[in-house]
Amino acid sequence: MRDVRRSLCAVAGAFALVAATLAVPATAGAGSTGVTGGDTEYLVLLEVGADRNQAIAAVKAAGGVVVKENARLGTLTVRAAASGFVTRVSASSAVEGAARSRPIGAVPQQKQRNTVERENGGTGKGRSAKKTVGMDPLDGQLWGLRMVRSDLARTVQPGKKSVKVGVLDSGIDARNPDIAPNFDWKLSRNFAPDIPEIDGTCEFRGCVDPVGWDDSGHGTHVAGTIGAAVNGLGVSGVAPKVTLVQIRGGQDSGYVFLGPVTDALTYAGDVGLDVVNMSFYVDPWLYNCINNPADSPEAQAEQRTTIRAMTRALNYADRKGVTLVGSLGNNHEDLGKPRPDASSPDFPPGTAYPRTIDNATCFDLPVEGPHVIGVSALGPSTKKADYSNYGLEQIEVSAPGGWFRDYFGTPQHRTNENLILSTYPVNALQAAGYVDAAGNITPTGLAAGAQKQCPAGVTDFTKCGYYYVLQGTSMASPHATGVAALIVSEYGKKKGRGDFGMDPDKVGRILMDSAQPRACPNPPLQTYTNEGRSDEFNALCEGTRNFNGFYGHGIVDAYAAVTRY
């Protein structure tokens with residue numbers, strides 16, 4: 001994997017970490033006076049070696065209130081006014097920069113849901129599952145497991161409980177009987193409390209969803225693909241015996257903000273997680289640019305801070321032994337030749353404006369950050385899914401992500417069987433109208449691909465397994481994460497006082513070396529007009545059979561990964 005993405009390291013520079021405790025609430029002396037400070041939350045990045053008290057004084061002088069500290073990264077979480085704070089606080093010699101982290105008191109509105117992931121049109125045929133040794137009843141529908149050869153790999157290495165996989169996402173529904181056996185209640189955390197103004201009414205006291213809860217469904221779907229247990233029920237994951245750890249950094253509404261992400265990555269390093277899956281980009285900027293002329297000076301300063309803060313967090317996790325895996329994104333573009341961005345900033349809603357994106361100075365984070373293994377998405381035919389980003393610069397490997405429009409010209413075109421089936425929270429299915437109040441799947445839910453299986457004798461539907469189909473690079477990344485977890489399980493070593501792990505660079509090398517090479521299509525310009533897409537979706541595959549912009553080093557291969565070395 002390429003640890004230096006374009007000029008990112010030059011932007012971030014070298015820095016020394018300040019040793020202290022993650023996410024320590026600020027004391028009264030740090031400016032916590034009971035005053036809210038404002039309606040916006042910021043992440044303030046301290047200069048390397050800066051005096052902490054000087055930085056806190058600068059925050060106070062700029063009208064902010066410190067509410068939390070991550071001294072390992074040298075950041076302060078601050079509440080301040082919606083405008084002017086970045087410029088004022090950045091004038092201090094103790095502060096490198098500041099960026100909006102999360103909105104507080106914003107207009108109630110959810111982030112536009114990614115229609116790519118929910119493109120299914122209700123034409124599923126309910127294919128019957130084939131029972132295989134070491135597999136679960138619905139695994140016959142999981143073509144992704146077979147594509148990455150998890151069905152074979154588990155006969156050699158199904159994963160070890162000592163290998164801990166972090167799901168940096170919207171949470172994980174630990175009630176699901178396919179998740180429960182592998183879920184780590186002790187290590188799991190929530191770094192992203194609900195924000196009523198964007199997430200809706202809080203379901204739990206203090207607006208903090210408990211560990212093991214997921215209102216979105218996205219994180220639970222990802223977790224199931226990685227490590228759903230083999231238990232004779234529902235589905236199984238790529239690595240069905242590894243440990244799943246929730247490190248929630250995403251909101252119910254779909255937003256994923258800077259502060260929770262950096263805190264989650266720091267925590268992942270501190271508690272010794274082996275692999276972390278990141279199926280998102282950090283809001284509100286699709287691309288964070290150093291000095292885009294379309295941006296205001298304050299917006300430029302915020303994006304520079306985001307780049308530096310994410311670089312610190314990713315470097316910290318990597319140094320602590322965490323293998324980082326990220327989705328390439330669903331914007332159907334070559335990340336080395338990005339199109340103009342008209343979607344940023346995506347918060348507050350309605351504030352986006354067109355920007356030309358300079359490849360050398362703009363970054364899609366976290367996937368274009370250091371040490372992140374970038375994954376593209378394939379349909380069941382192994383073609384690059386039309387929505388998937390690609391390109392020689394950022395890709396490492398490819399994996400099954402689902403593609404509703406695959407198999408044009410055949411009966412399988414536009415069917416749910418082309419999507420990725422995985423675990424899903426019943427509460428999220430109920431909110432979508434796919435499950436009724438009694439826990440029964442509605443006709444609409446059946447058409448949309450929802451399924452249900454209950455353990456024998458269980459009458460409480462909340463203890464049943466619910467499953468749903470999605471597509472996206474968000475679904476491809478966890479297939480690669482599962483293979484990475486199997487690699488650590490097979491080749492990891494004890495270190496220190498009984499800890500178990502493996503150098504992330506070695507994990508990445510095996511993941512890439514064991515991938516199934518796949519050549520570019522012939523002709524290399526893949527068109528998607530038959531599938532109903534505009535010319536903008538057409539994609540040119542560049543490179544060789546051993547490494548190209550669609551497949552990277554190849555399709556991840558769990559069996560080869562655990563048997564070849």
Side-chain angles (χ1 to χ4, degrees), residues 7-18 20 24-105 257-259 262-263 282-285 288-313 344-345 347-348 351 355 361-363 365:
S7 57
L8 186 56
C9 288
V11 174
F15 59 89
L17 292 172
V18 180
V24 177
T27 64
S32 181
T33 62
V35 180
T36 63
D39 60 4
T40 302
E41 187 174 279
Y42 294 86
L43 195 72
V44 176
L45 194 65
L46 276 62
E47 287 282 2
V48 177
D51 181 87
R52 171 181 176 273
N53 292 329
Q54 183 182 350
I56 290 173
V59 166
K60 186 175 181 179
V65 172
V66 177
V67 296
K68 192 168 60 174
E69 178 180 7
N70 181 341
R72 284 180 171 79
L73 296 188
T75 64
L76 301 172
T77 299
V78 174
R79 287 194 179 183
S83 62
F85 174 76
V86 171
T87 301
R88 291 193 297 269
V89 77
S90 298
S92 168
S93 60
V95 173
E96 185 171 347
R100 285 174 175 82
S101 175
R102 303 196 309 159
I104 304 296
F257 294 115
L258 177 63
T262 55
D263 281 350
V282 178
D283 294 298
W285 303 94
N288 285 273
C289 301
I290 297 172
N291 53 2
N292 195 309
D295 298 329
S296 69
E298 184 163 279
Q300 291 180 8
E302 287 191 36
Q303 291 170 69
R304 287 194 293 269
T305 299
T306 298
I307 293 168
R308 291 162 178 157
M310 282 299 297
T311 300
R312 287 191 186 186
S344 302
F347 194 92
T351 59
R355 305 187 301 158
T361 58
C362 297
F363 308 92
L365 296 170

What closest approach, in Å, do [X] and [Y] show between heavy atoms, and which atom pair accounts for it?
{"X": "Ala301", "Y": "Val86", "result": "CB-CG1, 4.0 Å"}
{"X": "Val89", "Y": "Ala62", "result": "N-CB, 3.8 Å"}
{"X": "Leu46", "Y": "Ala55", "result": "CG-CB, 3.7 Å"}
{"X": "Ala94", "Y": "Ala50", "result": "O-CB, 3.4 Å"}
{"X": "Ile307", "Y": "Cys289", "result": "CD1-C, 4.3 Å"}
{"X": "Gly64", "Y": "Val78", "result": "CA-CG1, 3.8 Å"}

Can you check whether [Y]'s main-chain N or O pairs, donor with acceptor, with [X]'s side chain at less than 3.5 Å?
{"X": "Thr305", "Y": "Ala98", "value": "yes"}
{"X": "Thr262", "Y": "Gly259", "value": "yes"}
{"X": "Tyr42", "Y": "Ala82", "value": "yes"}
{"X": "Thr351", "Y": "Pro348", "value": "yes"}

Do the side chains of [Y] and [X] get nearer than 4.5 Å, heavy atoms only?
{"X": "Gln303", "Y": "Ile290", "result": "no"}
{"X": "Arg100", "Y": "Pro284", "result": "no"}
{"X": "Trp285", "Y": "Asp295", "result": "yes"}
{"X": "Phe85", "Y": "Val44", "result": "yes"}
{"X": "Leu45", "Y": "Arg312", "result": "yes"}
{"X": "Ser93", "Y": "Glu47", "result": "no"}

Self-check item: Residues in salt bridge (charged side-chain N to carboxylate O under 4.0 Å, His left out) contact with Arg88, at least two apart in sequence or another chain
Solution: none
Self-check item: Chi angles and distances behind the side chain to side chain contact (heavy atoms under 4.5 Å, CB included) call for Thr361, Asn291
Solution: CA-CA 8 Å; Thr361 58; Asn291 53 2; 4.3 Å; yes
Self-check item: Salt-bridge contact Arg52-Glu69 (side-chain N to carboxylate O under 4.0 Å)
Solution: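 Salt bridge between Arg52 and Glu69, a charged N being under 4.0 Å from a carboxylate O: yes.
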Quiz item: Quick one: do Asp263 and Lys68 make a salt bridge, cutoff under 4.0 Å?
Solution: yes
Exercise. Report the distance from atom CD1 of Ile56 to atom CG of Asn53, rounding to the nearest 0.5 Å.
Key: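 If we round to the nearest 0.5 Å, Ile56:CD1 and Asn53:CG are 5.5 Å apart.
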Quiz item: Excluding sequence neighbours, so at least two apart, what forms side-chain contact (heavy atoms from CB on, under 4.5 Å) with Ser296?
Solution: Glu298, Ala299
Quiz item: Pick from Leu258, Thr306, Leu76: which one makes a side-chain contact (heavy atoms from CB on, under 4.5 Å) with Leu43?
Solution: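 Of the listed options, the one satisfying the test is Leu258.
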